[in-house]
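Below, chain A is the first sequence line, B the second, and so on; all start at residue 1.
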Amino acid sequence: MAGPDWMEGAPRPISKILVANRGEIACRVFRACAELGIGSVAIYSEADRGAMHQQMADESVFLAGDSLAETYLDMEKIIASALELGVDAIHPGYGFLSERSGFATAVKEADLVWIGPPTRAIDEMGDKVQSRRAMIAAGVPVIPGEELPLENPDDIVEDLVRAATRVGYPLLLKASAGGGGKGMRIVREPRHLQREYAAASREAISSFGDGTVYVERLLEKSRHIEVQVLADTAGNVVHLFERECSIQRRHQKVVEEAPSPVLSPTQREAMGKAAVEAARAVDYEGAGTVEFLLGADGDFHFLEMNTRLQVEHPISECISGIDLVVEQIRVASGLPLPFDQSDLSIRGHAIEVRIYAEDPANGFLPATGPLAMFRPPEGPGIRLDTGVREGDAATIDFDPMLAKLIVHAPDRDAAIRRMKRACEDFVLLGTTTNLGFLVDIMAHPAYHAGETTTDFIEVHWPDGWVRNTSTEAREVATAAEQLGLARKAVVGESEGGRGSPFNPFLSLRRSFP
Amino acid sequence: MEMKDSTGTVHEVDVDLDRIDVDARPGRLWLDGHLAHVAKVGDDWWVHLDGRIEVLTVVEQGAGGGGDDGGMTAPMPGKVLELLCAVGDVVEEGQALLVMEAMKMEHRIAANQAGTITDIHHDVGGQVAAGAVLIDIEPVEESN
């Protein structure tokens, strides 16, 4: 099947893409498809019937079943659907199947184009111990630590203690197969070593089915800086500069910005080169991210490589002017990158915040509820990537991230002011979110000063964040109550009927029976 | 009226309605010239005002229950001042349909949904009780 005109001559032309994902990232890819003249197919589960991503695609496939394993993680069902609808390529998004090499292999075996890196790159980078070895071989600096897979919990005490002593305290115990903060334990004193090891190993087994843990020096006051890379099938590899993703809660990112406020041009170049080397070492193709920890001493160390599109990719798109999804598709079709490193430069400053349905005043616990009013901010340099609309709901079915708000401005100060204003202007009612907390981060002098270390939130809100309350808001609520301003649609009944894919209240009813 | 804030503190709130302006668009009102967006979910009022979002729970007994499912109702006892629609009109959500006077203020009653006006229960000058149904709307069919 032929792709759009611009794809003429491509070894693997793409005319229709199925996105094996949901939510904002599926919508992100569908928009790119529409702009490229490529057909789009969504998959959706019962909980996502009528969801934005289902409605945005040209076609959609319903996947029956109550669990993720029967829906968004069912490789066979997804590939069969793709074949049935004449799809020629699959985009995995992030999460779900995006870093399962078995899925990449199955897609290729079905004669479909995999919009992602080669299987080998996924496997090598997916294993923390293996990737560490590969990076050492490629001359990429790694975290000072003991590369010591500890496989048998009954027989490791001596090895563990010896390794820990060599690495030094404080140290970090990490699950080899880990990610997202699971299976990670900080040990500050030798007497806690065994207890924390047992906990890390248990978490690793229950989360990843692999209890292998390794020991690494904990770099405190460090920054999480990652470099976006793009590689084509002809061996061209470029980097699109760095993103600073230090502000995190529970090891999950909350605020990201590009470029980093602290990197010198020399450091930037060195880190970019290291990232390109890392990608080359595994014959990478497509878009990927090489994560580094930048220590207080200015040295940087390879952390891991994410072999997929990242949640925070929009800020790199803002400062580089490159559409990463478009390039992913171009590379997958076999075409070369239309630019090289010398064509790329940083323009302005971009910030992304993740708007979560959670309560920052209560340990960041996830919140649920209807999106009774959802009015995003507008204006120059503002982008919203989301998979929800007014009338949808935040449910416990999926990740609590509701939207990514991205701003782009000529410089960092202007970007911070723009983001603060944008967060303040966001009218999001019916579900507790972290918007107020994000406003306070943007207003914080330490953030303005660029002191964005990974412990930013714990350092500046040691006793937790407190939501401020105002007399005026109480007066507004009282007046609204007295005047009977309740919006019927919000609390109300369904007009579309239960089965209608256009019924915006369906998910609301599911969550609040 | 008693309102509980998100920290659990209950406040006795008395607001002078002269400071409030209502807006023809649903979910908006003005306090001392500041625009607020409001939405009610259950007994909770969600308020966006001056860049901050708060949720306040009505604790006064009997104040929670609405119960005016069919049409638009009088928010408080008062008098119909002006009718801005007629039976058979097709109206949009948020369109002002009726002006009533209550507590020495004019209130615009806006359509709570798009549809066709099927009935108007009161004439100009008529007295209405709090919660009385004023206008019935038959919602538009989804066309797809």
**Asked** Does any heavy atom of chain A fall under 4.5 Å from the side chain of B:V55, the backbone, both, or neither of them?
**Response**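 Neither part.
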**Item:** Heavy-atom neighbours of B:D123 CG exceed 12 at 6.0 Å
**Value:**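 Check fails, neighbour count at 12 or below.
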**Request:** Evaluate whether atom CD of B:E12 has more than 12 neighbouring non-hydrogen atoms of other residues, nucleotides or ligands under 6.0 angstrom away.
**Result:**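 Correct, the count exceeds 12.
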**Request:** Give, as side chain, backbone, both or neither, the part of A:D359 having an atom under 4.5 angstrom from any heavy atom of chain B.
**Result:**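 Neither part; nothing is under 4.5 Å.
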**Prompt:** So, A:R474 and B:D14, do they make that salt bridge, N to O below 4.0 Å?
**Reply:**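 Here A:R474 does not pair with B:D14 in a salt bridge, since their nearest N and O are not under 4.0 Å apart.
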**Message:** Less than 4.0 angstrom from a charged side-chain N to a carboxylate O is my criterion; do B:K40 and A:E481 meet it?
**Reply:**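 Yes, B:K40 and A:E481 are salt-bridged.
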Distance (rounded to the nearest 0.5 Å) between [X] [atom1] and [Y] [atom2]:
X      : Y      : atom1 : atom2 : answer
A:T478 : B:M3   : OG1   : CE    : 4.0 Å
A:L435 : B:R52  : CG    : CZ    : 10.0 Å
B:H48  : A:M373 : NE2   : CE    : 10.5 Å
A:T469 : B:L56  : OG1   : CG    : 8.5 Å

**Asked** Any side-chain heavy-atom pair from A:T432 and B:W46 closer than 4.5 angstrom?
**Response**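 A side-chain contact under 4.5 Å exists here.
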**Asked** Looking at A:V439, A:N362, A:T431, which has the largest count of heavy-atom pairs under 4.5 Å with chain B?
**Response**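 Looking at each of A:V439, A:N362, A:T431 in turn, A:T431 comes out on top.
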**Prompt:** Looking at A:T433, A:V466, A:D440, A:T471, which one has more heavy-atom pairs under 4.5 Å with chain B than the rest?
**Reply:**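 Answer, by heavy-atom pair count under 4.5 Å with chain B: A:D440.
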**Prompt:** Going through the checks in order, is the side chain to side chain contact (heavy atoms under 4.5 Å, CB included) test met by A:R467 and B:D5?
**Reply:** CA-CA 10 Å; A:R467 196 180 295 278; B:D5 69 23; over 6 Å; no
How close do [X] and [Y] get, counting heavy atoms only, and between which atoms?
X      : Y      : result
A:P370 : B:V41  : CG-CG1, 3.7 Å
A:A473 : B:L49  : N-CD2, 3.9 Å
B:I53  : A:L428 : CD1-O, 3.5 Å
A:L429 : B:A39  : CD1-N, 3.8 Å
A:V476 : B:A36  : CG1-CB, 3.7 Å

**Message:** Set out, in order, the CA-CA distance, both residues' side-chain angles and the distance that settles side chain to side chain contact (heavy atoms under 4.5 Å, CB included) for A:E472 and B:H34, then state yes or no.
**Reply:** CA-CA 10 Å; A:E472 289 77 16; B:H34 292 240; over 6 Å; no
**Request:** Please determine, by modelled atom types, if A:S470 and B:E54 share a side-chain donor-acceptor pair under 3.5 angstrom.
**Result:**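 A:S470 vs B:E54: donor-acceptor pair found between side chains.
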**Asked** Under a 4.5 Å heavy-atom cutoff, which of B:T7, B:T9, B:L29 has the most pairs with chain A?
**Response**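 Among B:T7, B:T9, B:L29, the one with the most close pairs to chain A is B:L29.
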**Residues which pass ring-ring contact (aromatic ring centres under 6.0 Å, His included) with A:H460, listed by chain and number, not counting sequence neighbours** =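 Testing A:H460 for ring-ring contact (aromatic ring centres under 6.0 Å, His included), a comparison that skips the adjacent residues, returns A:H444, A:F456.
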